[in-house]
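My structure is below; once you've seen it, I'll send some questions.
Every value quoted in this text rests on a predicted model; they were computed, and no experiment measured them. So that the names make sense, note that chain A is the first sequence line, chain B the second, and so on, each numbered from 1.
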There are 2 protein chains.
Amino acid sequence: MRINESVSEGTSGVDQPKKRAKPGRNPAPAGRTSRPRQAEVAGLAGVSQATVSLVLSARGDGRAAAISEETRQRVLDAARSLGYVPDPAARRLAAASNNLLGVFSFTATFPTDVQHSYYPFLVGVEQEAAARGYDLVLFTGSSTGGAGATGPDALSRVRLADGCLFLGRHVPLAELKRLVADGFPVVHLGRREELEGLAWVGADYVSASREVVGHLAELGHRRIVLVREDDDAPPSTDRQQGFLDGLAAAGIAGGPGAVLRCADPARELTAPRVRALVADGVTAFVAEETDTGAAWRALNAAVREAGLSCPGDVSLGLLGSPPADLAARPVPMGFDIPRHRLGAAAVRLLAALVSGEEAHEPLVACEFRAGETAGPPVPPP
Amino acid sequence: MRINESVSEGTSGVDQPKKRAKPGRNPAPAGRTSRPRQAEVAGLAGVSQATVSLVLSARGDGRAAAISEETRQRVLDAARSLGYVPDPAARRLAAASNNLLGVFSFTATFPTDVQHSYYPFLVGVEQEAAARGYDLVLFTGSSTGGAGATGPDALSRVRLADGCLFLGRHVPLAELKRLVADGFPVVHLGRREELEGLAWVGADYVSASREVVGHLAELGHRRIVLVREDDDAPPSTDRQQGFLDGLAAAGIAGGPGAVLRCADPARELTAPRVRALVADGVTAFVAEETDTGAAWRALNAAVREAGLSCPGDVSLGLLGSPPADLAARPVPMGFDIPRHRLGAAAVRLLAALVSGEEAHEPLVACEFRAGETAGPPVPPP
DNA sequence: GCGCATTACTAATGCGCATTAATGAATCGG
DNA sequence: CCGATTCATTAATGCGCATTAGTAATGCGC
């Protein structure tokens with residue numbers, strides 16, 4: 001049915017009316033629906049679609065396209081009068097990149113949980129992404145994207161974006177490996193050195209924890225105990241590392257008693273135990289921060305129950321920020337994780353990877369918080 | 001140039017391995033970059049691109065495409081092993097959908113603000129979207145999508161998604177109008193009746209406020225005052241409407257004194273004023289909830305300063321949830337906005353629009369909260 | 001053995017745009 | 001007055017996919 005078109009090859013001898021003729025089909029507004037295309041603008045302005053594209057996508061860059069000012073105006077007027085707006089899908093198809101960064105979080109989508117742990121990161125991520133002209137695609141671990149649920153290819157959906165950010169403690173490394181191996185830009189938010197070649201951005205827990213210990217040492221404390229949970233995630237081991245470094249730097253012997261590792265802090269860290277430690281000479285405690293804040297809660301409860309006053313009898317420190325429900329009054333001495341900046345840094349790194357660079361500046365410093373739970377140690381009786 | 005392919009017509013005598021022949025150009029992974037295309041999957045599976053498309057986009061609909069199970073598996077395996085994921089832009093362009101819902105918020109990306117106001121909605125949105133197999137694209141108002149900043153086509157980016165959810169108080173109606181007029185599925189989170197044809201989902205502030213007043217009336221209160229800010233946003237007027245309805249239902253005259261409208265609650269709602277009102281017979285106050293919680297804060301402060309005890313001397317109600325920093329002890333009588341459910345409802349509606357339906361169930365009920373700030377009125381002296 | 005329907009694919013096409021090679025026209029040097 | 005240059009614009013192409021028309025190959029009935 002399209003045969004009659006091939007006749008054109010026989011037209012060599014025909015004197016056709018110059019070029020002014022417009023090629024057959026001109027997608028006129030048929031049903032009065034759908035927004036205008038470049039072709040329609042072109043029709044109205046009496047130019048070709050290519051010209052419209054050239055005019056409308058003229059970058060501010062030095063060399064303007066070779067378009068006469070008059071034509072330019074005609075096209076612009078036509079576009080304006082038709083209310084033309086480019087189709088982002090088409091534009092992206094032609095440009096081979098879609099200005100989309102993915103965000104994949106593995107945590108169960110349990111509202112309150114997510115709220116507490118990830119939102120602050122996302123704020124930074126969103127800001128930085130916006131500033132760089134990227135939009136974000138949120139993939140959720142639990143989401144069954146029409147196709148495979150949590151199958152082995154659950155991660156392949158992220159390739160839809162130009163690159164992807166991963167959050168969460170428990171990441172399926174095997175799948176990530178694939179992405180990385182394929183050269184897909186990936187950044188993990190949080191230290192992750194198990195996987196060679198995986199880019200990551202993390203908070204400098206080591207330095208921050210060291211600083212907290214240093215602060216206590218400066219106040220005069222010589223016996224400090226770290227309360228931590230029984231989990232070997234990088235954030236935990238980093239804090240312990242910093243804690244021990246801090247002790248060493250202050251000339252305090254670490255020893256096995258310096259770290260209290262509890263599977264269930266609420267049960268193991270009881271008032272009697274705290275009393276015993278204090279009687280033994282301990283004057284300060286620091287707890288690690290985790291999702292649940294279990295260590296800090298247990299420490300607080302035990303100290304209170306033991307009848308000890310906080311800045312007076314013992315000093316307390318928190319290696320992180322307090323959970324929201326405990327944020328109110330006694331501001332704990334410790335440090336804040338710069339979540340906004342972490343998120344932003346991650347996006348910066350990801351953007352760099354997407355554009356082919358290899359930038360690397362993984363560690364973001366934490367902010368020391370003096371708080372009101374640390375003071376000089378009580379003189380030994 | 002494709003001529004050599006037609007050789008196949010002369011191969012009748014050759015015993016070739018069935019249909020195993022592959023067409024000429026097969027865009028192999030040249031530079032080891034970029035994600036795989038259907039063509040590559042096709043190559044690996046020994047079929048044509050069209051077949052890959054057919055297999056991968058097989059809708060669960062009754063009539064499956066005419067593809068043999070064996071081929072189907074080969075294609076699926078190939079796709080999985082290459083980590084294939086369709087390009088949303090291309091898919092979109094080819095007139096399908098891409099399982100992407102947009103979320104566009106107009107609010108400045110001011111961290112704490114967004115945190116308080118929008119996150120709970122997003123939780124519901126994310127859950128429901130995930131449950132329905134959609135991923136989310138977050139567009140940010142301030143984001144300059146590479147091209148025009150906040151120009152007249154700032155909204156056009158959202159067309160990448162199958163439909164879009166809009167949040168925020170200040171929405172550029174003119175642009176939204178275009179989207180709606182073009183038949184692009186749009187849902188606004190929050191009542192928005194100014195724009196004909198704009199679908200929206202909102203909380204039923206009217207009923208909830210009426211219920212709060214009814215509760216007070218049942219306790220015996222006959223003089224109730226509404227404290228509100230000087231803003232005519234729908235949420236505010238809805239609450240007032242419900243408040244007045246409630247008074248009417250209880251047979252209480254409204255009158256001009258029943259509503260206290262303050263431009264600056266902190267200044268206008270002073271302790272003396274509260275005392276005067278109480279002396280005049282007022283036994284209960286209700287405040288509207290806003291972003292800042294100004295009305296509720298001012299009311300609380302004034303009552304306390306006036307030396308009045310809360311459930312004892314006067315009853316207080318809050319038409320909404322208390323701001324985070326006041327959430328602790330005296331749980332205010334009032335109602336909670338079911339933000340999760342609102343977000344979920346919005347997604348449901350949007351999904352319906354995307355698939356061409358016209359479902360409508362815009363109002364989501366709020367949850368009454370008994371709290372501890374309301375009791376029987378003091379008997380008149 | 002010949003239609004004819006069915007099955008299992010593939011070739012071809014186009015979505016709306018950006019981009020590039022190609023074409024015409026105008027200008028210029030000699 | 002004829003190439004050689006610029007300038008302005010257009011034809012042609014392809015991005016990655018869905019879709020449709022078409023083509024072998026096979027099965028079925030007579």
Side-chain angles (χ1 to χ4, degrees), chain A residues 1-2 5 8 18-25 27 34-42 45-59 63-72 74-75 79 84-98 159-160, chain B residues 2 5-6 8-9 11-12 16 18-25 27 34-42 45-59 63-72 74-75 79 84-98 147 156 159-160:
Chain A
M1 28 200 82
R2 214 152 266 274
E5 315 242 318
S8 56
K18 295 289 178 62
K19 68 200 20 190
R20 189 56 46 174
K22 250 144 287 150
R25 119 170 186 293
S34 88
R35 59 220 179 69
R37 324 266 105 128
Q38 283 189 348
E40 291 166 39
V41 175
V47 298
S48 73
Q49 175 266 320
T51 303
V52 174
S53 177
L54 285 179
V55 170
L56 295 182
S57 61
R59 353 171 173 70
R63 56 168 283 283
I67 298 285
S68 71
E69 187 53 30
E70 189 214 319
T71 303
R72 231 179 76 80
R74 273 218 317 285
V75 170
Y84 170 81
V85 148
D87 178 335
R91 176 175 249 161
R92 283 178 183 157
L93 223 211
S97 123
N98 51 21
R159 303 178 104 109
L160 172 150
Chain B
R2 217 155 264 274
E5 315 243 321
S6 62
S8 56
E9 43 179 70
T11 59
S12 55
Q16 43 191 171
K18 290 294 177 64
K19 75 256 313 256
R20 191 63 45 172
K22 246 146 291 156
R25 129 172 180 292
S34 91
R35 51 214 187 76
R37 320 270 108 122
Q38 282 189 349
E40 291 165 39
V41 175
V47 299
S48 72
Q49 173 266 321
T51 302
V52 173
S53 176
L54 285 178
V55 169
L56 295 183
S57 59
R59 350 170 176 73
R63 55 168 285 281
I67 299 285
S68 71
E69 187 53 30
E70 187 214 322
T71 303
R72 230 179 76 79
R74 271 219 318 284
V75 170
Y84 170 81
V85 141
D87 178 332
R91 181 174 237 163
R92 181 73 190 166
L93 194 54
S97 81
N98 46 28
S156 78
R159 290 179 189 268
L160 178 81

Counting heavy atoms from C-beta on, name the nucleotide in D:dA18, C:dT19, C:dC17 closest to the side chain of A:Leu54.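 My answer, after comparing the listed nucleotides, is C:dT19.
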
Pairwise distance CZ(B:Arg92) to CG(A:Asp87) - rounded to 0.5 angstrom: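 So the CZ of B:Arg92 and the CG of A:Asp87 are separated by 7.5 Å.
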
Picking from D:dT10, C:dA11, C:dC17, which would you name as closest to the side chain of A:Gln49?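 Nearest to the side-chain atoms of A:Gln49, counting from C-beta on, is C:dC17.
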
Separation of C:dC15 C1' from B:Leu93 CG (nearest whole Å):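 Distance, rounded to whole Å: 4 Å.
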
How would you list, by chain and number, every residue that makes a side-chain contact (heavy atoms from CB on, under 4.5 Å) with B:Pro88, sequence neighbours excluded?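 B:Pro88 satisfies side-chain contact (heavy atoms from CB on, under 4.5 Å) with A:Asn98, A:Leu160, B:Arg35, B:Asn98, B:Leu100 only.
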
As an exercise, state the distance from CG of B:Leu54 to CD1 of B:Ile67, rounded to the nearest 0.5 Å.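 Taking CG in B:Leu54 and CD1 in B:Ile67, the distance rounds to 5.0 Å.
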
If we only count heavy atoms from C-beta on, is the B:Leu56 to B:Tyr84 side-chain gap below 4.5 Å?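 Result yes, sub-4.5 Å side-chain heavy-atom pair found.
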
Proximal nucleotide (of D:dT10, C:dC17, C:dC9) relative to the A:Pro86 side chain: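 Taking heavy atoms from C-beta onward, the closest nucleotide is C:dC17.
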
Hey, could you give me the CZ/CG distance between A:Arg91 and B:Leu93, rounded to the nearest 0.5 Å?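 Those atoms lie 13.5 Å apart.
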
Stems where DNA chain D pairs, listed by first number, each of three or more Watson-Crick or G-U pairs under 3.5 Å: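 Only these stems qualify: C:1-30 with D:1-30.
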
When you check the phosphate oxygens OP1 and OP2 of D:dA18, does a side-chain N or O of B:Arg91 lie under 4.0 Å from one of them?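 True: B:Arg91 side-chain N/O within range (under 4.0 Å) of D:dA18 OP1/OP2.
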
Rounded to the nearest Å, what distance is computed from the CZ atom of residue A:Arg92 to the C1' atom of nucleotide C:dC15?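 Atom-to-atom, A:Arg92 to C:dC15, this comes out as 17 Å.
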
A:Arg72 and its side chain to side chain contact (heavy atoms under 4.5 Å, CB included) partner, picked from A:Glu69, A:Glu70, A:Arg74: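 Considering A:Glu69, A:Glu70, A:Arg74, a side chain to side chain contact (heavy atoms under 4.5 Å, CB included) with A:Arg72 is found only for A:Glu69.
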
Where the side chain of A:Asp87 is defined as all heavy atoms beyond and including C-beta, which of C:dC17, C:dC9, D:dT9 is the nearest nucleotide?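 When the side chain of A:Asp87 is considered, C:dC17 is the closest of C:dC17, C:dC9, D:dT9.
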
So if I take every side-chain heavy atom of B:Ala94 and compare against D:dG14, D:dA18, C:dC9, which nucleotide ends up nearest?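 Nearest to the side-chain atoms of B:Ala94, counting from C-beta on, is D:dA18.
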
Taking the nucleotide of DNA chain D with the closest heavy atom to each, which residue, A:Ala50 or B:Ala50, is nearer the 5' end?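 Mapping each residue to its closest nucleotide by heavy atoms, the 5'-most match is A:Ala50.
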
Nearest listed nucleotide, side chain of B:Ser53, among C:dC17, C:dT10, D:dT19: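 Per side-chain heavy atoms of B:Ser53, the pick is D:dT19.
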
